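Because the structure is a prediction, the values reported are computed rather than measured.
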Amino acid sequence: MRSSSSVNPHLLGALGLTLATAAVLAAILLFGDPDGGRPAVQVSVPPAPEIDVAENTPVAPLRGDQVSLDDPSLDQLAPPPENASDVSLDGLDPIDPDAPVRTRAELAAAQKANSNALPNAPVAGLTEPGPGGPLPVIGPNGQSPADAYKRPFENNGKPAIALVVGGLGMSEQRTRTAIETLPAEITLGFVPYAENLQNWIDLARENGHEVILELPMEPFDYPQNDPGPHTLLTEADSGENIRRLEWLLSRTTGYFGVTNYLGAKFTASESAMRPVWDALADRGLVLVHDGAQSRSPLGRAAEQSNLDWAAADRIVDSPPAPDQIDKQFLQLEALALQNGSALGMGFAYPVTIDQAKAWSEGLEAKGYALAPASAILEMRANSS
């Protein structure tokens with residue numbers, strides 16, 4: 001259960017932060033903490049085949065080239081619109097649907113070569129058959145997927161900052177760059193429609209990244225802005241939304257939790273959320289929300305479902321301009337100093353990946369700890 005953060009007075013005397021960070025903190029205290037807005041991207045996917053849940057009929061994976069997912073033009077680096085932008089994969093390198101899938105032996109060999117590597121997924125006893133593959137379950141010994149697949153983190157008493165970079169799996173170059181160049185402590189979010197999704201998640205975990213799965217949720221302008229097949233809808237009955245949820249969750253394994261993709265309308269409806277949050281909690285998952293809706297009843301619904309969750313404090317790349325991203329990173333530093341922790345989210349824009357890499361390399365010298373998102377969630381839960 002997410003709780004409000006509290007000021008850690010011992011950190012103030014121990015850390016020598018830059019004047020810029022102190023100025024940002026002062027601005028927050030004087031003028032308030034403005035909400036951020038996550039850039040929205042429209043996904044256009046043909047209708048998915050019907051699923052026979054009762055018979056666990058396998059579902060053919062969607063091809064990467066059936067999905068439209070690209071950046072808004074970054075030439076002028078203008079703020080994205082409030083609603084999703086029409087974008088396409090034109091000019092990008094979509095995932096090769098014929099790329100070879102590595103064997104378990106190859107995965108094990110790759111793990112030994114990387115000291116950051118997380119254990120291979122799935123962990124025995126943490127899955128059951130689902131409509132598109134394995135579904136996460138709590139193991140017979142009480143171990144949850146959230147515990148099994150998170151990245152370990154030891155809190156050293158420094159203010160901790162986590163960053164989630166999402167929208168991965170749709171572009172070969174961006175996905176590989178994020179996995180292989182960002183620090184292992186940065187959490188990576190993957191699109192459920194991605195081709196060879198398990199291969200990407202295996203590679204991310206091999207490089208030490210914990211992973212979350214992005215769930216498409218209904219925005220206010222649906223269906224003009226359509227997050228894709230199996231979107232969780234406010235008008236669907238609970239059985240239909242659970243059916244959609246199980247298809248999404250069974251696309252891959254190895255994720256410790258989920259995050260929203262769009263979903264302003266869905267997370268404004270407590271009656272729509274509750275069955276889905278119940279199902280996530282029952283499967284031992286957690287929720288990391290992008291924080292775009294500060295007045296949403298999401299938190300109350302999550303607490304009633306006993307679903308552990310956290311909301312991002314900042315969306316770092318709205319707009320996706322280097323100087324603006326750096327300002328958001330300073331905001332996260334100030335919030336971490338004030339509250340002991342901070343959580344940011346961003347999209348896999350090339351500029352976001354570049355700025356995140358440069359920023360994270362200097363965090364330790366400034367007295368902060370770079371933490372996985374799961375650690376921030378646990379810190380906030382333990383402080384309640």
For [X] and [Y], work out which heavy atoms get closest and say how close.
{"X": "A178", "Y": "L168", "answer": "CB-CD2, 3.9 Å"}
{"X": "A121", "Y": "R205", "answer": "CB-NE, 4.3 Å"}
{"X": "A268", "Y": "S296", "answer": "N-OG, 4.3 Å"}
{"X": "V211", "Y": "A204", "answer": "CG2-CB, 3.9 Å"}
{"X": "L232", "Y": "L245", "answer": "CD2-N, 4.0 Å"}
{"X": "P227", "Y": "L262", "answer": "CG-CD1, 3.9 Å"}

Got [X] and [Y] here, is their nearest side-chain heavy-atom distance under 4.5 Å?
{"X": "S238", "Y": "N241", "value": "no"}
{"X": "P183", "Y": "I186", "value": "yes"}
{"X": "E218", "Y": "L233", "value": "yes"}
{"X": "T175", "Y": "L188", "value": "no"}
{"X": "K265", "Y": "M217", "value": "no"}
{"X": "M379", "Y": "N155", "value": "yes"}
{"X": "L248", "Y": "P216", "value": "yes"}
{"X": "L213", "Y": "P192", "value": "yes"}

Could you check whether [X] pairs with [Y] (Lys NZ or Arg NE/NH1/NH2 to Asp/Glu carboxylate O, under 4.0 Å)?
{"X": "R174", "Y": "D354", "result": "no"}
{"X": "R251", "Y": "E246", "result": "no"}
{"X": "E128", "Y": "R283", "result": "yes"}
{"X": "E172", "Y": "R176", "result": "yes"}

Is there a donor-acceptor pair closer than 3.5 Å between any side-chain N or O of [X] and the backbone N or O of [Y]?
{"X": "Y149", "Y": "S144", "answer": "no"}
{"X": "N207", "Y": "E180", "answer": "no"}
{"X": "N339", "Y": "S341", "answer": "no"}
{"X": "T234", "Y": "A272", "answer": "no"}
{"X": "H289", "Y": "W309", "answer": "no"}
{"X": "S305", "Y": "L307", "answer": "no"}
{"X": "R151", "Y": "G208", "answer": "yes"}

Atom pair [atom1]/[atom2] of [X] and [Y] - distance to nearest 0.5 Å:
{"X": "I315", "Y": "I325", "atom1": "CD1", "atom2": "CD1", "value": "12.5 Å"}
{"X": "I201", "Y": "H209", "atom1": "CD1", "atom2": "NE2", "value": "12.5 Å"}
{"X": "L215", "Y": "L285", "atom1": "CG", "atom2": "CG", "value": "9.0 Å"}
{"X": "L163", "Y": "L370", "atom1": "CG", "atom2": "CG", "value": "7.5 Å"}

Requested in this report: Before giving the answer on side-chain hydrogen bond (donor to acceptor under 3.5 Å, both in side chains), spell out for W359 and E333 the whole-Å C-alpha distance, their side-chain angles and the decisive distance to 0.1 Å.
Outcome: CA-CA 11 Å; W359 165 74; E333 292 176 21; 2.9 Å; yes
Query raised in the report: Step by step, would you call V258 with L249 a side-chain contact (heavy atoms from CB on, under 4.5 Å)?
Result: CA-CA 9 Å; V258 300; L249 296 180; 3.9 Å; yes
Report task. Check step by step if side-chain contact (heavy atoms from CB on, under 4.5 Å) holds for L377 and K150. Result -> CA-CA 11 Å; L377 190 150; K150 69 182 181 182; over 6 Å; no
Query raised in the report: Do Q355 and D326 meet the criterion of a side-chain donor-acceptor pair at a distance under 3.5 Å?
Result: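 The criterion, which ignores hydrogens and geometry beyond distance, is satisfied for D326 and Q355.
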Query raised in the report: Are side-chain N/O atoms of D202 and Q198 paired as donor and acceptor at under 3.5 Å?
Result: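 Indeed, the side chains of D202 and Q198 share at least one donor-acceptor pair under 3.5 Å.
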Do [X] and [Y] land in one hydrophobic cluster if side-chain heavy atoms of ILVMFWY residues count as linked below 4.5 Å?
{"X": "L203", "Y": "I353", "answer": "yes"}
{"X": "F153", "Y": "V286", "answer": "no"}
{"X": "F266", "Y": "Y222", "answer": "no"}
{"X": "V276", "Y": "I138", "answer": "no"}
{"X": "L287", "Y": "V137", "answer": "no"}

Report task. Decide yes or no on salt bridge (charged side-chain N to carboxylate O under 4.0 Å, His left out) for K357 and E361, but give the supporting numbers first. Result -> CA-CA 6 Å; K357 183 176 183 297; E361 289 172 349; 2.8 Å; yes
Requested in this report: Take the angle between the ring planes of W247 and H230 and call it parallel below 30°, perpendicular above 60°, tilted in between.
Outcome: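 Judged by the thresholds at 30° and 60°, the geometry between W247 and H230 is parallel.
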[X]: partners by side-chain hydrogen bond (donor to acceptor under 3.5 Å, both in side chains), with sequence neighbours left out:
{"X": "E210", "value": "T187, S374"}
{"X": "T352", "value": "D317"}
{"X": "S250", "value": "none"}

Requested in this report: Go through the steps to decide whether E240 and R243 satisfy the test salt bridge (charged side-chain N to carboxylate O under 4.0 Å, His left out), and finish with yes or no.
Outcome: CA-CA 5 Å; E240 174 61 19; R243 172 182 176 272; 3.2 Å; yes
Report task. Please step through side-chain contact (heavy atoms from CB on, under 4.5 Å) for the pair F256 and D147, ending with a clear verdict. Result -> CA-CA 7 Å; F256 77 97; D147 286 334; over 6 Å; no
**Report entry** Residue pair N260, E214: steps toward the side-chain contact (heavy atoms from CB on, under 4.5 Å) verdict
**Finding:** CA-CA 6 Å; N260 61 300; E214 299 182 2; over 6 Å; no
Report task. Walk me through it: do T231 and R244 pass the test side-chain hydrogen bond (donor to acceptor under 3.5 Å, both in side chains)? Result -> CA-CA 7 Å; T231 294; R244 291 168 179 242; 5.5 Å; no
